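All figures in this text were calculated on a predicted structure; none of them were measured in a lab. Both ligands and their constituent atoms are indexed starting at 1 by order of listing.
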Amino acid sequence: MPLVTGDVILRHAKKNGYAVCAFNVENMEMVQAVIEAAEEKKSPVIIQTSANTVKYASMTMFYAMVRAAVENSPVPVALHLDHGDSRNLALKAIRAGYTSVMIDASKQPFEDNIRHTAEVVEICKPIGVSVESELGTVGGKPGDIEYGADGYTKVEEAIEFVERTGVTSLAVAIGTVHGVYKGEPNLDLELLQTLNSKVNVPLVLHGASGLSEQDIRHCVEFGISKINYATELRIAFSDAVKEYVTSHDNIIDPKLFTKHARETVKQVVMEKMHLCGSSDQVKQTTWWNSQ
Ligand code: G3H
Ligand code: ZN
């Protein structure tokens, strides 16, 4: 089926009390792994590529791979630009066929974040492309400053931000970080609950790799509708390649180790779908057409 918008998928998740996983993909095998897992689990899914990944292969290339993978698929899939850092990149994504974009101006002052986000919403809204933005500081990427609790999303700002920008989903900072956790994650679930009760768009959790199953369950319970996984998939893919290559001599066919890596990533993706509650949400065949 054709790609659907992120908004359609997220609104269904919010209404039905589960979270949709958004998986960062880096190559064709990861695209295939995510779609195969979604079909097997009967789960809606979001495939996303970061601003860095689309420097490695273009958005046109990723769109073509995803489009081909979903062609005969019965599950709703959205293609999302993750951590887009400019209006231009968002425009490129839209032209390439992405159905959802993130504009991440969260490192900028509040008013500038609003201005950049509203600019992207203005372009996307009339053509039905969803827009995610971030408020607060998730951090953990190279060059990010450690803000601690100072960087957590502020409730009053979140209400104002959503009203003034018209975003369709909001990434919140409640104590998660990108990449591998150095210490114990300390999530502010009370803050999440309050944000969920005051902000009327689906909330997004970044930096989910490395969180315990209990943390994920709590985040879903207290109002997260989209959960982003990147690092755990990269590790699964890379470890599988290393394992295969070191245990098989004289490999000259890359398909052998990428096939093994694809299967490994698929298993991780299926576990996450089960954990986030999105498995079996594709029971009514057309909810994504009728919203
Ligand atoms: O935007 C992508 C995510 O927030 C992924 O975070 O690498 O910690 O899984 P992660
Ligand atoms: Zn992120």
Side-chain angles (χ1 to χ4, degrees), residues 6 9-10 19-27 30-31 33-34 37 45-56 59 62 78-86 89-90 93 98 100-108 113 117 130-147 151-153 167 169-187 192 202-213 215-216 219-220 224-239 264-265 268-273 275-276 278:
I9 290 183
L10 292 187
V20 170
C21 299
F23 297 105
N24 285 68
V25 296
E26 313 290 346
N27 54 30
M30 290 171 90
V31 170
V34 172
V45 75
I46 298 174
I47 290 196
Q48 55 189 23
T49 56
S50 70
N52 253 340
T53 298
V54 298
K55 286 181 197 153
Y56 169 73
M59 286 191 270
F62 276 108
L79 178 57
H80 175 75
L81 169 68
D82 186 34
H83 291 288
D85 52 6
S86 68
L89 197 64
Y98 281 50
S100 178
V101 297
M102 177 183 189
I103 171 72
D104 182 0
S106 60
K107 287 197 192 87
Q108 302 194 25
N113 192 357
T117 302
S130 319
V131 181
E132 174 184 327
S133 190
E134 182 171 313
L135 191 59
T137 310
V138 174
K141 289 189 179 149
D144 280 351
I145 302 163
E146 294 302 333
Y147 285 88
Y152 286 16
T153 306
V167 278
S169 61
L170 183 70
V172 291
I174 57 162
T176 57
V177 293
H178 291 104
V180 177
Y181 284 85
K182 290 183 193 122
E184 272 295 299
N186 183 17
L187 306 190
L192 173 58
L203 301 180
V204 180
L205 188 76
H206 282 245
S209 292
L211 292 183
S212 67
E213 293 196 356
D215 275 342
I216 294 290
C219 286
V220 176
I224 289 291
S225 302
K226 172 179 181 259
I227 300 193
N228 286 7
Y229 287 103
T231 304
E232 281 192 48
L233 262 58
R234 290 183 189 134
I235 292 173
F237 190 92
S238 306
D239 282 356
T264 308
V265 170
V268 175
V269 167
M270 290 200 295
E271 281 163 25
K272 300 303 181 193
M273 287 170 164
L275 179 61
C276 296
S278 70

Of all protein heavy atoms, the one nearest atom 8 (O) of ligand 1 is Gly179 N, 3.1 Å

Working for side chain to side chain donor-acceptor pair (under 3.5 Å), residues Asn24 and Gln48: CA-CA 5 Å; Asn24 285 68; Gln48 55 189 23; 2.8 Å; yes

For Val177 against Tyr181, the heavy-atom pair lying closest together: N-OH, 3.0 Å

What's the shortest heavy-atom distance between Tyr98 and Leu81, and which atoms? CD2-N, 3.5 Å

Heavy-atom closest pair (Gly175 atom, Tyr152 atom, distance to 0.1 Å) is CA-OH, 3.3 Å

Within the structure, is a non-hydrogen atom of His178 found at a distance of less than 4.0 Å from ligand 1? yes

Kindly compute the distance separating OG (Ser50) from CE (Met102), expressed to the nearest 0.5 Å. 11.0 Å

Any nitrogen or oxygen of Asn24 lying under 3.5 Å from a nitrogen or oxygen in ligand 1? Just yes or no. no

Is there a polar contact, in the sense of an N or O pair closer than 3.5 Å, between Tyr229 and ligand 1? no

Please work out whether the ring planes of His83 and His206 are parallel, tilted or perpendicular, with thresholds of 30° and 60°. perpendicular

Hey, does the side chain of Glu232 reach the backbone of Gly210 with a donor-acceptor pair shorter than 3.5 angstrom? yes

If you take all heavy atoms of Phe62 and Asn27, which pair is closest and at what distance? CE2-N, 4.0 Å

Check each heavy atom of Glu232 against ligand 1 and say whether those closer than 4.0 Å belong to the side chain, the backbone, both or neither. neither

Need the ligand 1 atom indices (1-based, order shown) with element for anything under 4.0 Å from a heavy-atom of His83. 1 (O)

In this structure, atom 4 (O) of ligand 1 is nearest to the protein heavy atom Gly207 N, 2.9 Å

Can you tell me the N, O or S atom of His206 that's nearest the Zn ion (ligand 2)? ND1

Consider every N or O of Asp82 and every N or O of ligand 1, then say whether any pair is closer than 3.5 Å. yes

Specify the protein heavy atom at minimum distance from atom 9 (O) of ligand 1: its residue, its atom name, and the distance to 0.1 Å. Ser209 OG, 2.5 Å

Based purely on interatomic distance, does Arg234 place a nitrogen or oxygen under 3.5 Å from a nitrogen or oxygen of ligand 1? no

Restricting to N, O or S atoms, which atom of His83 is closest to the Zn ion (ligand 2)? NE2

Just how far is it from atom CG of Asp239 to atom CZ of Arg234, taken to the nearest 0.5 Å? 13.5 Å

Please identify which of these residues, Ile174, Val138, Val220, Leu187, meets the side chain to side chain contact (heavy atoms under 4.5 Å, CB included) condition with Leu205. Ile174

Element-labelled atoms of ligand 1 that are located less than 4.0 Å from some non-hydrogen atom of His206: 1 (O), 4 (O)

To check your reading of the model: name the closest protein heavy atom to atom 7 (O) of ligand 1, its residue, and the distance in Å. Thr231 OG1, 2.5 Å

Of the backbone atoms (N, CA, C, O) and the side-chain heavy atoms from C-beta on, which set of Asn228 has a member under 4.0 Å from an atom of ligand 1: side chain, backbone, both, or neither? both

